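Below: one structure, written as structure tokens.
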Amino acid sequence: MPVGTLATVKTLSPAELRDIQAQIILGNTYHLYLRPGHELVRRAGGLHGFMSWDRPILTDSGGFQVMSLSGLRKITPDGVRFQSHIDGSYHFFTPEKVIEIENALGADIIMAFDECPPYPATRAYVENSLKTTLEWAKRCRDAHRETDRQALFGIVQGGVYDDLRVRSAEELMKMDFPGYSIGGLAVGEDKKDMFRITDLLNDILPKNKPRYLMGVGTPLDLLKNIRNGVDMFDCVMPTRNARKGSLFTWKGKLIVKAARYKEDFSPVDPDCDCYTCRNFSRAYLRHLFSVDELLGMRLATIHSLHFYLELVGACRKAIIEDRYEEFFNEHAENLDRLIDNDTG
RNA sequence: GGAGAGGUUCCCGAGCGGCCAAAGGGAACAGACUGUAAAUCUGUCGUCAAAGACUUCGGAGGUUCGAAUCCUCCCCUCUCCA
């Protein structure tokens with residue numbers, strides 16, 4: 001899922017998103033509540049109407065912002081008191097409030113309000129935080145009942161503590177959500193911990209419901225976590241890195257703004273059929289970044305999102321054809337490397 | 001012709017006897033980025049056989065233990081007045 005925090009996948013139009021086969025995109029409760037305000041979005045016809053995107057949307061609950069804006073909030077059992085990162089104004093988020101906002105935003109899939117523990121965090125902190133998250137999940141589900149045209153996912157927390165993760169998943173499953181998110185990973189912990197936990201949850205979460213690993217990740221992270229049973233991902237990496245001149249390809253990461261591509265007139269990836277690779281050279285992209293032209297960010301974003309969606313599309317195909325391991329072994333090694341001078 | 005200001009490391013620009021290979025900014029170069037406070041942040045940025053040495057602050061001389069900083073002459077810019 002391409003990330004479109006503020007009701008826009010940065011730099012792209014909905015038409016361009018459709019061109020690269022985006023099926024669903026993400027929005028963010030906290031950010032859209034602050035600006036332009038969820039009631040305004042409701043009046044605009046929900047996120048779909050407001051941003052003119054007629055395919056599915058998922059909204060995150062703001063739980064992640066509870067962590068990432070940690071200097072600006074205070075957590076209580078009832079909810080979180082936030083200070084706006086924009087103007088310093090105070091706001092109080094409860095599970096009920098978050099559901100109200102997400103109802104107004106009108107996404108197809110919405111997230112329960114959770115508390116995402118930072119890393120590192122003590123076991124005592126994570127255990128306490130998990131307790132809060134589970135209570136909030138229940139309150140979210142209760143508050144959401146009457147508007148069940150939106151699918152509400154519960155979020156598994158528990159940090160890097162296996163037993164807490166298991167407890168989290170089992171308690172959420174009792175609440176019978178239509179899908180389960182895995183949160184609190186890729187926040188600084190060792191990769192081994194991340195993979196161990198998704199592997200652990202693979203045997204616990206129901207097989208007939210989607211599992212969504214929140215905020216992950218690199219192409220290789222996707223491949224490894226798909227092997228561990230994850231069905232859905234979102235990550236800012238393809239879009240954010242693209243805006244900074246760093247692109248993803250099947251052959252690895254390519255920092256197209258680098259001087260080594262100044263006179264490289266080959267496409268970013270000769271085998272890629274995205275709009276960018278079909279029409280423009282590395283040298284041209286490098287030039288656009290070098291002179292700080294907007295089109296550079298757009299073309300780069302188009303390429304990297306296309307690549308990510310192609311990557312997961314290829315994963316789906318391999319799974320259906322029952323040859324995922326083979327597919328994995330074929331590509332895993334390349335995905336992680338830095339292309340330093342490959343003229344195509 | 002008269003009066004004045006100034007020439008600093010790729011650029012702009014501070015420094016005005018030692019703590020100066022020389023602030024700061026820009027450019028350049030390399031990289032980071034994982035439920036987006038992100039068109040952001042970090043590092044490098046005179047040379048070398050490199051915890052040391054060497055060469056730099058328009059040029060040439062000089063003063064001094066020591067000069068980008070003081071003195072002399074020269075070269076060159078710019079502003080104002082004729």
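On a predicted model such as this, the values are computed, not experimentally measured, just so you know. Each chain gets a letter, A, B and so on, in the order its sequence line appears, and its residues count up from 1.
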NA contact type, [X], heavy-atom cut-off 4.0 Å: base, sugar-phosphate, or nothing?
X       : answer
T239(A) : base
L26(A)  : sugar-phosphate
D234(A) : sugar-phosphate

| request: Identify, residue by residue, the members of residues 166-193 of chain A with a heavy atom below 4.0 Å from RNA chain B, and return them in order of residue number, or none. | output: G184(A), A186(A), K191(A)
| remark: Residues in residues 111-132 of chain A with a heavy atom under 4.0 Å of RNA chain B, by number, are D114(A), C116(A)
| note | In whole angstroms, the gap separating C1' of A37(B) from NE2 of H91(A) amounts to 14 Å
Do any side-chain atoms of residues 229-248 of chain A form donor-acceptor pairs under 3.5 angstrom with protein atoms, and if so which ones, sequence neighbours left out?
| unit_1 | atom_1 | unit_2 | atom_2 | d |
| --- | --- | --- | --- | --- |
| D231(A) | OD2 | R211(A) | N | 3.0 |
| D234(A) | OD1 | Y212(A) | OH | 2.6 |
| D234(A) | OD1 | G215(A) | N | 2.8 |
| T239(A) | OG1 | V236(A) | O | 3.0 |
| R243(A) | NH1 | T239(A) | O | 3.4 |

May I have the list of side-chain donor-acceptor pairs in residues 110-118 of chain A shorter than 3.5 Å, sequence neighbours left out?
| unit_1 | atom_1 | unit_2 | atom_2 | d |
| --- | --- | --- | --- | --- |
| D114(A) | OD2 | Q157(A) | NE2 | 2.8 |
| E115(A) | OE1 | S129(A) | OG | 3.1 |
| E115(A) | OE2 | Y125(A) | OH | 2.6 |

| F265(A): hydrophobic cluster co-members (side-chain, 4.5 Å) |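 None; F265(A) is a cluster of one.
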| Salt bridge between R260(A) and D340(A), side-chain N to carboxylate O under 4.0 Å? |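 Here R260(A) does not pair with D340(A) in a salt bridge, since their nearest N and O are not under 4.0 Å apart.
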| For A37(B), does either OP1 or OP2 sit under 4.0 Å from a side-chain N or O belonging to S68(A)? | yes
| remark: Protein heavy-atom contacts under 4.0 Å, written 5' to 3' over nucleotides 39-46 of chain B as B (base), S (sugar-phosphate only) or - (none), form the string BB------
